[in-house]
Amino acid sequence: MPAEKPGCTACTPAPATSPERHVTQPDKTALINRLKRIEGQVGGILNMVQDDRYCVDILTQLSAVKSALDGVGVQILTSHAKGCVRTAIAENGGDDALDELMGVIRKMVK
């Protein structure tokens, strides 16, 4: 069984002038590579539409892209839960972090 990968290592608030937070993603290179492949798939779908390809073939490719994006989302969500949320729970009970996590999950399952 492979070793468990760590979660986010640094969910930190941005400067007071910005509501953004930043995080150092574990496996950042792998995430970037996956997203670049998805970007290529989307370009392929664009070409299919431009070339008047069969609707079912286009829909099949759209489904594959949605599935690939969901996979990236689950990977980032898992990292966030194991890192940022776990840290927030340990430091202050994590109520805000858990509320935020549940909001994101609700959006993902729609």
Side-chain angles (χ1 to χ4, degrees):
M1 183 172 184
E4 185 175 314
K5 295 186 179 183
C8 315
T9 57
C11 281
T12 56
T17 58
S18 172
E20 294 180 19
R21 293 187 222 177
H22 296 274
V23 64
T24 301
Q25 287 292 332
D27 300 323
K28 183 177 182 176
T29 301
L31 283 171
I32 291 169
N33 290 339
R34 287 179 77 176
L35 289 166
K36 285 182 179 182
R37 274 195 304 275
I38 293 167
E39 183 178 42
Q41 286 178 287
V42 171
I45 294 169
L46 173 62
N47 291 335
M48 292 174 78
V49 171
Q50 289 172 333
D51 295 342
D52 298 320
R53 294 280 303 270
Y54 184 53
C55 298
V56 173
D57 293 340
I58 295 169
L59 292 168
T60 299
Q61 290 305 309
L62 285 169
S63 177
V65 167
K66 285 175 63 176
S67 180
L69 283 170
D70 286 345
V72 171
V74 166
Q75 184 176 348
I76 293 172
L77 180 65
T78 300
S79 171
H80 181 65
K82 289 181 177 180
C84 302
V85 176
R86 177 184 285 166
T87 299
I89 290 169
E91 290 177 356
N92 63 20
D95 289 339
D96 290 341
L98 287 170
D99 289 344
E100 179 184 54
L101 178 64
M102 293 311 300
V104 169
I105 292 170
R106 281 186 205 93
K107 288 179 186 176
M108 289 181 72
V109 298
K110 280 188 177 181

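- With sequence neighbours left out, the side-chain contact (heavy atoms from CB on, under 4.5 Å) criterion links N33 to T29, R37.
- Every residue two or more places apart in sequence or in another chain that forms a side chain to side chain donor-acceptor pair (under 3.5 Å) with R34 is listed here: Q75.
- In this structure, L35 is not a member of the same hydrophobic cluster as L46, with clusters built from ILVMFWY side-chain heavy atoms closer than 4.5 Å.
- In this structure, Y54 belongs to a hydrophobic cluster whose other members, linked by side-chain heavy atoms under 4.5 Å apart, are V56.
- For residues 50-59, the set of pairs meeting the salt bridge (charged side-chain N to carboxylate O under 4.0 Å, His left out) definition, not counting sequence neighbours, comprises R53-D57.
- Separation of atoms CE (M48) and OG1 (T60) is listed at 7.5 Å; rounding is to 0.5 Å.
- Nearest heavy-atom pair across G93 and L98 is O-CD1, 4.5 Å.
- To the nearest 0.5 angstrom, Q61 atom CD is 10.5 Å from L59 atom CG.
- The OG1 atom of T87 sits 13.5 Å away from atom NZ of K82, with the distance rounded to the nearest 0.5 Å.
- Rounded to the nearest 0.5 angstrom, C84 SG and I89 CD1 are separated by 11.5 Å.
- One hydrophobic cluster, built from ILVMFWY side chains closer than 4.5 Å, cannot hold both I32 and I76; they sit in different ones.
- The hydrophobic clustering, which links ILVMFWY residues whose side-chain heavy atoms are closer than 4.5 Å, places M108 and V85 together.
- Applying the side chain to side chain donor-acceptor pair (under 3.5 Å) definition to pairs two or more places apart or across chains, those involving residues 97-110 are R21-E100.
- At least one side-chain heavy atom of L77 sits less than 4.5 Å from a side-chain heavy atom of L101.
- For residues 62-72, no pair satisfies side chain to side chain donor-acceptor pair (under 3.5 Å), with sequence neighbours left out.
- Contact record, V65 with V42: CG1-CG2, 3.9 Å, taken as the closest heavy-atom pair.
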